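Not measured: the values here are computed from a predicted model. Chain identifiers are assigned alphabetically (A, B, ...) following the order of the sequence lines, protein sequences preceding nucleic acid strands; residue numbering begins at 1 within each chain.
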Amino acid sequence: MLLSRVLEEKLGSLYRAGGRIVGGVYLGKGQEAFSAALGIQLRKGRDIYGPLIRDQAGRIAFGESLLDAVRTYLGAVTGPMRGRDGNIHRGRPKEGLMAMISHLGSLVSVVAGGLFARRLAGTLHDSVGATSIGDGGTSTGAFHEGLNMAAVEKLPLVISVANNQYAYSTPNCRQYACVDLVDRAKGYGVQGVAVDATDLGQCLEAFDAAVKRARNGEGPQMVVGHLLRLSGHGEHDDASYIPETARKGPSSVDCLPAAERRIIDEGWMNENELKDLFTEARGKVDQAVAKVSKEATPDPFKEKWQALSSEELAEGHHEA
Amino acid sequence: MSITYLEAIREAQYEALRNNPSVFLYGQDIGSFGGAFKATKNLNKEFPGRVFDSPISEDAMVGMAVGAAVEGARPIVEMQFADFSSVGFNQIVNQAATLYWRTSTPCPITIRMPSGGTAGSGPFHSQSMEAIYAHYPGLVIVTPATVEDAYWMLLDSIAINDPVIYCEHKFLYYHLKADEIGTRTLPIGKARIARPGRHATIVTYSAMVHEALRAAEELQLDGYSIEVVDLRSVKPMDTDTILASVARTGRLLAVGEAFPWGGVTAEIIARVASEGFHLLDAPPMRLNSKDTPIPYHPNLWKAHRPTIATIAAALRRLLRY
C-alpha cells in the first residue's frame with residue numbers, strides 16, 4: 001500500500017504537470033489497505049484477479065509490475081496495452097490479471113467464467129477468483145447478474161465492495177436503499193462481512209477468512225469495506241461535493257498513516273525503518289518513470305489496425 | 001432420410017462437443033429441456049456436465065463465456081432469441097469484441113442467435129441483429145442460409161479464435177431440409193452464387209436467400225435471368241464476389257430482413273457505389289423491412305418484411321431503368 005501511494009502521488013503530479021499522461025488518472029487514495037488486503041491473498045499464476053479503478057495497491061500486492069502500470073499511464077508501446085487502452089484498463093488476462101472495461105460490474109461474470117472453465121477442465125483445484133467493485137457499481141445489472149450467476153454455480157469468487165460513499169459525485173443515499181451494502185449478500189445466497197476499511201488489520205483478517213472460505217468450496221464471498229475516497233473521482237475532480245461532515249467523519253481516516261502508527265505502536269518497525277521503506281519506494285517509482293520516459297510511444301503507421309486475431313477474416317479497408 | 005436446418009445446428013454442436021473437450025454450451029433451458037427450439041436436444045445426456053442451463057442473465061452469460069475463453073475454453077452461448085442479446089450487448093461489443101485488440105488474448109466464443117421473423121412472433125421475438133453487431137470491430141457475423149452452411153459454418157465458428165455471432169434464422173429451422181448435410185464447400189468470408197444470372201444481381205443472406213431465389217424464378221418467366229448472391233457471412237463481407245457479380249449483370253438489388261436504416265444492405269450498396277460505380281447500368285436498389293417494430297399479426301408481418309412479391313416488383317423496377 002505504501003508503494004501504491006508513492007506511485008499514485010507520482011502519477012498525480014505527472015498529470016497535473018501536464019504533457020506526460022494522456023487521459024485520466026484515477027487514484028485509490030484511502031483505499032489502499034482494503035485493496036492490498038485482497039491482493040495479498042491471491043497467488044499470481046494460480047488465482048484470477050479482476051481489479052477495478054482504485055486497486056493500484058491490490059495490483060502491486062497481486063504481483064503486477066510497476067513497469068506495467070507506468071508504461072500504461074505513459075502510453076508506452078512496450079506496455080501490456082501498447083497505447084491501445086490506458087491507465088486502469090490494463091491487464092494480462094492470460095496471466096490471470098483481467099483488464100477492466102469501463103462498464104461497472106461487467107468483470108464479475110468474466111472472473112466467474114474463468115473459474116467455471118477451470119472447474120470444467122478439472123484445473124480449478126484450490127484457485128479462487130476475486131474482483132472489486134464500488135458502491136456505485138453495485139447498482140448495475142451486470143453486477144447483479146454476475147454475482148447471482150456465480151452464486152448459482154457456487155464458484156470460489158471473492159467480491160470486494162469498497163463503499164467509499166461517493167460514486168463520482170453521487171452519495172450513498174442516491175445509490176441504494178438498504179442499510180448496509182453487505183445486506184445484499186444474503187439476497188444472493190452469498191456470505192458477506194463488513195469491515196472498517198480504514199483499518200488494515202480488519203481488512204487483512206476479513207479477506208484472509210473470505211479467501212479461505214472460497215478456497216474451501218463455500219461459494220462466493222462478499223467483503224464490504226467502509227471508507228471514504230480521499231481524492232476526486234479522477235485527478236480532474238476536486239471532489240468539492242464531499243461535505244465537511246464526511247471529510248471529518250469516522251470513515252475519513254487515512255489508512256496509510258493509521259497503519260504506520262499501528263506498526264510503530266506494536267513495535268514491528270521503528271520510524272527510521274518506515275522512512276527507509278518510503279525512500280526505497282520513491283526510488284523504485286522514480287526509476288520506473290525514468291526508464292519508461294525513454295521508451296517509444298505508439299506509431300500510427302506501425303500500428304496493426306486489425307481487431308480480429310484471425311488474419312483471414314479481417315476485412316480490407318473500404319474507405320477512401 | 002433428410003435433415004433440417006435446426007437438426008444441422010444440433011448435429012454441429014454434437015460434433016463440436018465430441019471432438020473438442022474445451023467446448024461447452026451455456027444458455028437458458030438448453031439442458032434437459034433441450035432448448036426453446038430443441039437445438040440442444042439430448043446433448044446434455046450425450047455430454048453430461050458440458051451443457052448448462054443458465055440463469056436469465058444475458059449479460060452474465062456472455063461475460064462468463066469471455067472469462068472461460070481466456071482460460072482456454074470454447075464456449076457456445078445460446079441466446080434464446082437474438083432479440084434478448086440486447087441485454088448482453090455490452091459484454092459482446094465491449095468485453096468480447098475488444099479483448100484481443102486490447103490485450104492480445106484471443107476470445108474464441110460463439111454466440112448463437114435465433115434470428116428473424118416468423119408469423120405471430122411480434123416485436124421482441126423476431127429481430128435480426130446482424131447489422132448492430134457487424135458495426136462493432138472485433139466480431140465475425142455469420143448468417144447461414146442452407147442446411148450445409150448451418151452445419152459447417154457453426155463448426156467453423158467454434159474453431160475461429162475470435163468472437164462469432166452466429167445468426168440462425170428461425171424461419172428456416174423446420175422449413176429448410178436437405179437430403180444430407182453435404183461436404184464443406186466454402187470458408188467463412190466467401191459468398192456463394194446461389195443462382196447464376198445475367199440481367200441483375202440480388203445480394204442477400206439468411207432466410208431472404210430463399211425469397212430471392214423464388215423471385216428470380218418468377219422473373220425467369222418474363223425472360224430475365226437473375227443472379228442471387230448469398231453472402232453467408234455479413235462480416236467479413238465478400239466484396240469481390242459482389243463486385244464480380246455486378247460486373248456481369250450491371251444491376252444490383254440488396255435485400256435484407258432487418259430494419260432499413262444503415263445495416264447490411266446499406267453496406268452492400270455503399271461498397272458497390274464506391275468501388276464498382278462504373279459497373280452499374282442503373283442506380284443500385286435495396287429492400288429491407290419497414291421502419292417500424294416487427295408486427296405480431298401475420299397480415300401485418302407478411303407486409304413488414306420483403307417477400308417474393310416485393311422482391312420481384314423491385315427487380316422489375318430495377319430492370320426497367
Output yes when [X] and [Y] qualify as a salt bridge under the 4.0 Å nitrogen-oxygen rule, no when they do not.
| X | Y | value |
| --- | --- | --- |
| Asp68(A) | Arg59(A) | no |
| Arg118(A) | Asp47(A) | no |
| Glu315(A) | Arg271(B) | yes |
| Glu311(A) | Lys304(A) | yes |

[X] versus chain B, heavy atoms under 4.5 Å apart: side chain, backbone, both or neither?
| X | answer |
| --- | --- |
| Leu147(A) | neither |
| Pro80(A) | backbone |
| Glu303(A) | side chain |
| Gln306(A) | backbone |
| His89(A) | both |
| Met100(A) | backbone |
| Arg82(A) | side chain |

Does a donor on one side chain and an acceptor on the other come within less than 3.5 Å for [X] and [Y]?
| X | Y | value |
| --- | --- | --- |
| Gln175(A) | Thr170(A) | no |
| Glu218(A) | Gln191(A) | yes |
| Glu148(B) | Thr185(B) | yes |
| Thr201(B) | Ser245(B) | yes |
| Ser35(A) | Asp55(A) | yes |
| Glu46(B) | Asn42(B) | no |

Engaged part of [X] at the chain A interface, taking heavy atoms whose separation is under 4.5 Å:
| X | value |
| --- | --- |
| Ser54(B) | neither |
| Pro137(B) | both |
| Leu139(B) | backbone |

Self-check item: Criterion side-chain contact (heavy atoms from CB on, under 4.5 Å) against Arg74(B), the qualifying member of Pro21(B), Ser157(B), Ser22(B)
Solution: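 Of Pro21(B), Ser157(B), Ser22(B), side-chain contact (heavy atoms from CB on, under 4.5 Å) with Arg74(B) is met by Ser22(B) alone.
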Exercise. Identify which one of Val142(B), Val264(B), Thr204(B) satisfies the side-chain contact (heavy atoms from CB on, under 4.5 Å) criterion when paired with Leu231(B).
Key: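 Only one of Val142(B), Val264(B), Thr204(B) forms a side-chain contact (heavy atoms from CB on, under 4.5 Å) with Leu231(B), namely Val264(B).
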Quiz item: Does Lys94(A) reach the main-chain N or O of Val70(B) with its side chain, forming a donor-acceptor pair under 3.5 Å?
Solution: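 Not at all, since once roles are kept as given, no pair shorter than 3.5 Å links the two residues.
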Heavy-atom pairs under 4.5 Å with chain B are the metric here; pick the option from [options] that has the most.
| options | value |
| --- | --- |
| Gly113(A), Ser310(A), Ala314(A) | Gly113(A) |
| Ala150(A), Gly146(A), Ala142(A) | Ala142(A) |
| Ala117(A), Gly105(A), Ala112(A), Gly141(A) | Ala117(A) |

Practice problem: Among the options Thr98(B), Val62(B), Asn161(B), pick out the one with the most heavy-atom pairs lying under 4.5 Å from chain A. | Solution: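 Sorted descending by pairs with chain A, the first entry is Asn161(B).
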Quiz item: Parallel, tilted or perpendicular: which describes the rings of Tyr49(A) and Phe62(A), with under 30° parallel and over 60° perpendicular?
Solution: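 Because their plane-to-plane angle lies in the 30° to 60° range, the rings of Tyr49(A) and Phe62(A) count as tilted.
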Practice problem: Just say parallel, tilted or perpendicular for the rings of Phe116(A) and Phe52(B), cut-offs at 30° and 60°. | Solution: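 It falls in the perpendicular class, over 60°.
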Self-check item: Neighbourhood of chain B inside residues 120-132 of chain A, taking heavy atoms under 4.5 Å as contact
Solution: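 Within residues 120-132 of chain A, the residues under 4.5 Å from chain B are Leu120(A).
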Self-check item: Atom pair OH/OG1 of Tyr205(B) and Thr265(B) - distance to nearest 0.5 Å
Solution: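 With rounding to 0.5 Å, OH (Tyr205(B)) is 6.5 Å from OG1 (Thr265(B)).
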Quiz item: How would you list, in number order, the residues of residues 79-94 of chain B that have a heavy atom less than 4.5 Å from chain A?
Solution: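 Under the 4.5 Å heavy-atom cut-off, Val87(B), Asn90(B), Gln91(B), Asn94(B) qualify.
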